[in-house]
Structure formats: C-alpha cells, structure tokens
Amino acid sequence: MNYWLLKSEPDSWSWEQQVKKGKKGEAWSGVRNHLAKRNLMSMKKGDLCFFYHSNIGKEIVGIVEVTKAPYHDPTAEKNEPWVVVDVVAVKPLKTPVSLASVKAEKKLSKMSLVTSARLSVQPVTVGEWNMICKMGGV
DNA sequence: GCCAACGTTGGC
DNA sequence: GCCAACGTTGGC
C-alpha cells in the first residue's frame, strides 16, 4: 500500500467533479511529465492519494483511491508513453489542509509539495499521510 | 552533448 | 500580473 498526492487546478478538474463521478471514478489524464509518469506507473489498485487543489485554494481537500492499475492515457497519441490510473473519491477532509499549514508544520518540510512544487504526481510517506489526516480531521 | 532561449506551472 | 523553478527545444 502506497500513498500519493495528485494535483489539479480546480478550473480544469475539481474535487467536486471527482465526487460527482462516484464509484465510476475518473481517469487521471493529462500528465505530461516523466517523473510524474514514473510515479503513476508505481501506483497499484488500492493505493490512496490526496487530492490537492493548485492555484485556486492551494489546499488538500480530499482522498481518492486508485481503482485501476496504470494504462495508456487515452488523451495522448497512440505512440506516446503517457499513462493514467482511475481514481474514485473516498472522502473529503473535514478541514482542508492548506499549503501554508503544510509549510508551517516542521514534520512536513520534506514533503514533495514543499520541495518540488511543480510536480503534479508525488509520493507521500506514511508519516506525512498520517500527519495530514490528523490535521484534516480524518 | 552543451547550453541559451523559450514555454509552462504555480505560488505570491 | 509577476517571476522563480523547471522542462523542452534547437542551434552549434
């Protein structure tokens, strides 16, 4: 079981939209960065991810579960290497955890969210996961 | 294969 | 709207 963090601009794909999809879930498409792709490739069915709103909100708003192992991104050309996983909304955080509060928490200073701000698919350690769940009231 | 120029992301 | 960080492109 691994933990991850997925970033999305709510203008293009928001937590609310993800929730509306229900158990059907949605393919996490559009990743066009090799490091992010490598992280996607490491995901397994049953892994959990934080859902982070970038740009607008700048906070972790919910938790999604990976329901399908990585497969070719349907929005990419056939000969391109990009992949997606399917994710379904599990539950929202009672209290969204903002970027500011992540930065303010010393134990989270090593998080990719802080150290590699632009990476859209990031690994999260168990310690970080538990800490943020606590901060988010779940 | 290096590196300058350029484009994009995302926080402020 | 600005700009820093970072990835990609293209000339050499």
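So you know, we letter chains A, B, ... as the sequences are listed, proteins then strands, and number each from 1.
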Flag the pair A:Leu5 / A:Leu113 as yes when at least one side-chain heavy-atom distance between them is below 4.5 Å, and no otherwise. yes

Closest approach of A:Met1 to A:Gly46 (non-hydrogen atoms, all atoms of both residues): CE-O, 3.3 Å

Compare every heavy atom of A:Trp28 with every heavy atom of A:Val84, then report the nearest pair and how far apart it is. CG1-O, 3.2 Å

I need the CD1-C1' distance between A:Ile56 and B:dT9, as an integer number of Å. 14 Å

Does the gap between the ring centers of A:His34 and A:Trp82 come in under 6.0 Å? yes

Quick one: do the A:Trp4 and A:Asn39 side chains pair a donor with an acceptor below 3.5 Å? no

Can you check the A:Glu9 CD to B:dT8 C1' distance for me, whole Å? 10 Å

Less than 4.0 angstrom between a side-chain N/O of A:Lys7 and OP1 or OP2 of B:dG10, yes or no? yes

Taking the nucleotide of DNA chain C with the nearest heavy atom to each, does A:Asn55 or A:Leu35 sit closer to the 5' end? A:Asn55

Gap between atoms CG and C1', on A:Leu5 and B:dG10 respectively (whole Å): 14 Å

Whole-Å distance separating the CG atom of A:Leu6 from the P atom of B:dG10: 12 Å

In this structure, how many angstroms lie between the C1' atom of B:dG10 and the CH2 atom of A:Trp13, rounded? 21 Å

Close side-chain approach of A:Asp73 to A:Val83, heavy-atom, < 4.5 Å: no

Side-chain N or O of A:Tyr52 less than 4.0 angstrom from OP1 or OP2 on B:dG11? yes

A:His34 atom NE2 is separated from B:dT8 atom P, nearest whole Å, by 16 Å

For a 4.5 angstrom cut-off between non-hydrogen side-chain atoms, does A:Leu48 reach A:Glu65? yes

In whole Å, I'd like the distance from the CG atom of A:Asp11 to the C1' atom of B:dT8. 16 Å

A:Lys103 side chain N/O closer than 4.0 Å to the phosphate oxygens (OP1, OP2) of B:dC12? yes

By a strict heavy-atom criterion of less than 4.0 Å, which residues belonging to residues 109-119 of chain A are in contact with DNA chain B? A:Ala117, A:Arg118

Whole-Å distance, A:Asn33 CG to B:dT9 C1', equals 11 Å

